[in-house]
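Read through the structure below, which is laid out as structure tokens, and then see the notes.
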Amino acid sequence: MKLATWNINSIRARTDRLIGWLAAEQPDILCLQETKVEDAQFPTAALEKAGYHTAIYGQKSYNGVAIASRAPITDVQRGLSDGVADDEARLIAGTTLGVRVVCVYVPNGGDLTSDKFPYKLAWYRRLRAFCERHAGDLVVAGDYNVTADDKDVCDPVKWAGHIHCSEPERAALAEVLGLPLVDVFRRLHPEGGVYSWWDYRGVAFFKNQGLRIDHILATPALAERATACTIDRNARKGQDASDHAPVIATFT
DNA sequence: ATGGCCGCTATGAGCGGA
């Protein structure tokens with residue numbers, strides 16, 4: 001089974017690119033973030049034509065998550081479902097191909113002094129609780145907006161203490177990993193220096209000045225079945241690319 | 001030290017992103 005996650009940064013701006021990528025890579029399951037579209041405008045028909053069922057949770061302009069799968073998706077949950085008033089479309093979960101898949105778009109957080117920052121940390125605590133409520137195997141994939149450690153950072157000195165690299169954010173991610181969940185890419189590529197996001201500005205991508213903030217986490221038994229995990233840099237190349245590249249894991 | 005780019009909007013400047 002091939003499972004991917006991709007922050008598409010507007011699915012309307014990149015529908016053709018997405019369909020082409022699906023045809024080339026043929027993942028069984030794809031988690032999408034930042035679709036930036038209300039459900040009525042989501043390109044459900046184009047994905048269906050490409051051979052994918054979809055479960056979607058969108059909103060106008062911002063956020064928006066979706067799961068696409070070659071098989072039907074059941075038991076869909078939209079949002080963290082914890083009773084907290086929160087209308088930001090950042091989590092969708094569903095069961096497909098025998099796997100419980102949680103697709104997440106963790107808040108950016110702005111900067112450490114922003115009022116968005118405590119929301120980010122609280123969201124991590126709520127995500128941990130969401131995953132803890134689920135008994136069996138899970139894949140939790142998406143844009144975590146946090147680097148696990150400096151191996152995920154192009155320039156650790158420049159980024160030290162900044163958003164995506166600060167101690168409280170890394171501690172929040174570590175709490176989720178402590179459930180336990182395994183970072184599948186890191187398990188197979190412990191050396192670091194491979195990124196999933198590059199700034200649009202300047203020569204950041206050309207010079208590989210990026211961060212690894214998109215992660216596929218899995219419960220340990222499932223993570224043991226991962227035989228490969230790659231980040232598709234090619235999808236970040238050329239005109240009209242998202243600023244994120246897809247992360248792809250293959251499970252036996 | 002700052003901004004540089006991109007997508008969005010009852011657009012054409014401002015917000016959010018990372």
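Throughout, a chain's letter reflects where its sequence line sits, starting with A, and its residues are numbered from 1. Keep in mind the model is a prediction, meaning the values are calculated, not measured.
Within 6.0 Å of atom CD in A:Q41, more than 12 heavy atoms from other residues, nucleotides or ligands are found, so the atom counts as buried in its surroundings. More than 12 heavy atoms of other residues, nucleotides or ligands lie within 6.0 Å of CG in A:N234, so this atom counts as buried by the packing criterion.
Of the candidates B:dT9, B:dG17, B:dA18, the closest approach to any side-chain atom of A:K60 belongs to B:dT9. Ranking B:dC15, B:dA18, B:dC6 by closeness to the A:Y62 side chain, first place goes to B:dC15.
Here B:dC8 presents its C1' atom at 12 Å from OH of A:Y200, a figure rounded to the nearest Å. In this structure, A:D199 atom CG and B:dG16 atom P are separated by 18 Å, rounded to whole Å. Distance, A:F117 CZ to B:dG17 C1': 16 Å, rounded to whole Å. The interatomic distance linking A:L211 (CG) with B:dG17 (P) rounds to 16 Å, in whole Å. Between the P atom of B:dT2 and the CG atom of A:D111 lies a distance of 12 Å, rounded to the nearest Å. Rounded to whole angstrom, the span from the CG atom of A:D243 across to the C1' atom of B:dC5 amounts to 9 Å. Atom CD in A:Q59 sits about 14 Å away from atom P in B:dC8, given to the nearest Å. Rounded to whole Å, atom C1' of B:dA1 lies 14 Å from atom CZ of A:R201.
Residue A:N7 has a polar side-chain atom (N or O) positioned under 4.0 Å from OP1 or OP2 of B:dA18. Under 4.0 angstrom from either OP1 or OP2 of B:dA18 there lies no side-chain N or O belonging to A:H162. An OP1 or OP2 oxygen of B:dG16 is reached within less than 4.0 angstrom by no side-chain nitrogen or oxygen of A:N108. For the pair A:Y195 and B:dA18, the criterion of a side-chain N or O lying under 4.0 Å from OP1 or OP2 is not met. Phosphate contact (OP1/OP2 of B:dG7, side-chain N/O of A:R14, threshold under 4.0 Å): present. At B:dG17, one or more side-chain N or O atoms of A:K116 fall inside 4.0 Å of OP1 or OP2 (strictly under the cut-off). The shortest distance between the side-chain N/O atoms of A:R12 and the OP1/OP2 oxygens of B:dT9 is below 4.0 Å.
Using a 30° and 60° split on the angle between ring planes, A:W197 and A:W159 fall in the perpendicular class, above 60°.
Between B:dC6 and B:dA18, the two C1' atoms lie 12 Å apart (nearest whole Å). Taking atom P on both B:dC8 and B:dT2, the two are 29 Å apart, rounded to the nearest angstrom. Distance noted for atom P between B:dA1 and B:dT11: 39 Å (whole Å). Using atom P as the reference point in both B:dC15 and B:dA10, the two lie 15 Å apart (nearest Å). Spacing between B:dG17 and B:dG3 at atom C1', rounded to whole Å, works out to 15 Å.
Across all strands, A:R212 comes closer than 4.0 Å to no nucleic acid atom at all (heavy-atom distances). Within 4.0 Å of A:Y105, counting heavy atoms only, lie sugar-phosphate atoms of the nucleic acid but no base atom.
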Task: Stepwise side chain to side chain contact (heavy atoms under 4.5 Å, CB included) check, A:W198 with A:R236 - done: CA-CA 9 Å; A:W198 300 261; A:R236 176 64 177 78; 3.6 Å; yes
Task: Audit row: A:R186, A:D152, salt bridge (charged side-chain N to carboxylate O under 4.0 Å, His left out) steps and yes/no - done: CA-CA 9 Å; A:R186 175 51 44 80; A:D152 294 337; 2.5 Å; yes
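Nearest-nucleotide mapping onto DNA chain B: of A:D240 and A:D143, the residue sitting toward the 5' end is A:D240. Taking the nucleotide of DNA chain B with the nearest heavy atom to each of A:E88 and A:K158, the more 5' of the two is matched to A:K158.
Listed here is the closest heavy atom pair of A:Y52 and A:P27: OH-O, 2.6 Å.
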